[in-house]
Amino acid sequence: MAAGFKTVEPLEYYRRFLKENCRPDGRELGEFRTTTVNIGSISTADGSALVKLGNTTVICGVKAFRSGPPGEEAQVASQFIADVIENSQIIQKEDLCISPGKLVWVLYCDLICLDYDGNILDACTFALLAALKNVQLPEVTINEETALAEVNLKKKSYLNIRTHPVATSFAVFDDTLLIVDPTGEEEHLATGTLTIVMDEEGKLCCLHKPGGSGLTGAKLQDCMSRAVTRHKEVKKLMDEVIKSMKPK
Amino acid sequence: MEEETHTDAKIRAENGTGSSPRGPGCSLRHFACEQNLLSRPDGSASFLQGDTSVLAGVYGPAEVKVSKEIFNKATLEVILRPKIGLPGVAEKSRERLIRNTCEAVVLGTLHPRTSITVVLQVVSDAGSLLACCLNAACMALVDAGVPMRALFCGVACALDSDGTLVLDPTSKQEKEARAVLTFALDSVERKLLMSSTKGLYSDTELQQCLAAAQAASQHVFRFYRESLQRRYSKS
C-alpha cells in the first residue's frame, strides 16, 4: 500500500518521512551512503580512482597531456588513419544513411594512446578495425506524421565491414636490416621506417614510407610477403575474439 | 651571385630509354626550373611540371632555438603552404614526408646545432603536387649549397581502373584513377626513399609503378644536371 501511495503522491510520501527527520532508505537527514574508493587501479594512467557512493559509481583516469593542439605525431597518425579508411573502403558511406537527404549517421572515431612504445600506426589500425566491427547502430525509422526520427534501441545491427585492412610496420637499420614491429627505442635508432597496409585479397591500401634510407625493389618484396602473413595472423585473432564475444 | 638563370627542357619519351613501351601515357610533362630567384633565402628554386608549380626557399644552416637543437646534426624543418586556406593536417603529413626524405640525403652531421628550413609555397596545383614539391625542395637545397650525399627526385604515377599506368598525372587523371602513387628516388642507386600512396592496388602493380618511376627519374636527374651545368657554365 505504501508503494501505491508513493506512485500516486510521491511528494506527500516524502514529506511524511521528513516530518519524522528521516529518509525512505532509513538514513538520518545528515547521513551519507556507504562510500568506497579504490585508488591507482589503472596502471597505465598517471593517476586513477574508482569511487562508489551507494549505487553510483564513477571512475576517473588522469593522463598528463601537454596543453595545446595535438602534437605533430598525432596529426600525422590521424591523417594516416583517415587515408586508410578512405583507401580501403572499409565501410560504404552509403550504409550510414538513414534517410536520403534528411538523416545520416556520423561516426566519430577517437583514438587515445595510453602507452607509447613504438609502432603506433599498427596498433591504431587494429584498434580502429576492431572497434568498427563492434559498432552496433540502433534502428532508426522516420515517423511520417511527425517527421521525427524514432530510435529503436532494442533492435541493433552491426556495421557492414567490407574489407579488413591490417597494418605492418618495419624499421630499417643502416640501409640493410629490416625488423618488424619496432619498439620506441628501435624507432628512435632506426634510419627509416615503412608501413604497409594490406587487405585480405593481397591488395595494398597504403604504402607509407616517410623518407629514411633507401630500399631496393627486392627488399620491398620481402616486406610484402611478411605483411601477407601478418594479415592472416591478425584476422584469425580478431575472428576468434569476436566469436567468443557474440553470445552476450 | 644575383644572376637569374632560366632553364627550360622539354622531356618527352625520347628514344625509349627504359620507359615501358605503353604509349603516350608514359611521358612526363614539360619541366622548367628557375633558381636563385628570391633574394632573402640562402637558396631558392621554382619548379614547374606542366601546370603544377611550386616555389621553394631554403634558409640555412642557421641559428637554431635551444629547445630544437640536436647536438650532433642539423635540425631540418619543412613548411608547406597551400595555395589557398590555412595549412591543415594534410599539409602537416606532407611536410613530415618531405622532411624525412631531405633528412636521408642532407649531410646534417657537417653542421651540428644548426637549423635548415625549407619553405614550400604551392603556386598552382594541376596534379603530381607532392612530386613537384620534392623536386623544388631538392633544387633549392642545391642552390643554397647545403651538403647532400645524393640528389632526390619525386615521381608520381596513377593507375586507372583497367591497370594502365600514367606517369606524372594531371589533376583530372588523378581524380579518375583507382590509385595514385608518389615516390621519391635517390640519384645514386635509384633506391626508394619515400613513398606515399592513395587507393587500392596489387603487389605486381606496385613493382611496375616502381620500375616506371625509376626509369622516369633518369630523365629528371638528367634535367637537373643540364640545368646546373648551364647555370654554372655562364660564369
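Values below: all heavy atoms of this structure, side chains included; hydrogens, waters and symmetry mates excluded. Numbers restart at 1 for each chain; the letters A, B, ... are given by sequence-line order, proteins then strands. Computed from a predicted structure; not experimentally measured.
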May I ask you to list the residues in residues 215-225 of chain A that approach chain B closer than 4.5 angstrom, counting heavy atoms only, ordered by number?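 Expected list: A:Leu215, A:Thr216, A:Gly217, A:Leu220, A:Gln221, A:Met224.
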Heavy-atom closest contact (B:Val89 atom, A:Gln75 atom, distance):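 So the two residues come closest at CG1-O, 3.2 Å.
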At a 4.5 Å cut-off on heavy atoms, which part of A:Thr193 comes close to chain B: side chain, backbone, both, or neither?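 Looking at A:Thr193, nothing touches chain B.
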So for [X], is it side chain, backbone, both, or neither that comes closer than 4.5 Å to the heavy atoms of chain A?
| X | answer |
| --- | --- |
| B:Ala184 | neither |
| B:Arg190 | neither |
| B:Gln207 | side chain |
| B:Arg149 | neither |

Is it the case that the side chain of B:Ser93 and the backbone of A:Gln79 share a donor-acceptor pair, with hydrogens and angles ignored and the cut-off at 3.5 Å?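 Side chain of B:Ser93 to backbone of A:Gln79, a donor-acceptor pair under 3.5 Å: no, none is there.
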Could you tell me the separation between the [atom1] atom of [X] and the [atom2] atom of [Y], rounded to the nearest 0.5 Å?
| X | Y | atom1 | atom2 | result |
| --- | --- | --- | --- | --- |
| A:Leu207 | B:Ser196 | CG | OG | 9.0 Å |
| B:Ser202 | A:Glu201 | OG | CD | 10.5 Å |
| A:Thr191 | B:Asn100 | OG1 | CG | 11.5 Å |

Testing A:Leu204, A:Asp199, A:Thr163, A:Asn87 one by one against B:Leu200 for a side chain to side chain contact (heavy atoms under 4.5 Å, CB included), which residue passes?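 By the side chain to side chain contact (heavy atoms under 4.5 Å, CB included) criterion, B:Leu200 pairs with just one of A:Leu204, A:Asp199, A:Thr163, A:Asn87: A:Asp199.
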Would you mind reporting whether B:Lys198 and A:Asp83 have side-chain heavy atoms less than 4.5 Å apart?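 Counting from C-beta outward, A:Asp83 and B:Lys198 never come under 4.5 Å.
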Between A:His208 and B:Leu97, is any pair of side-chain heavy atoms under 4.5 Å apart?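 When only atoms from C-beta onward are counted, B:Leu97 and A:His208 do touch, with a gap below 4.5 Å.
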Give a yes or no on whether B:Arg178 atom CZ has more than 12 heavy-atom contacts from other residues, nucleotides or ligands under 6.0 Å away.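 Counting neighbours around CZ of B:Arg178, more than 12 heavy atoms of other residues, nucleotides or ligands fall under 6.0 Å, so yes.
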Got more than 12 heavy atoms from elsewhere within 6.0 Å of CZ, B:Arg225?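 It does not: B:Arg225 CZ has 12 such atoms or fewer within range.
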Most contacts with chain A, counted as non-hydrogen pairs under 4.5 angstrom, among B:Leu210, B:Leu206, B:Asp186: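 With the most close heavy-atom pairs to chain A, the winner is B:Leu206.
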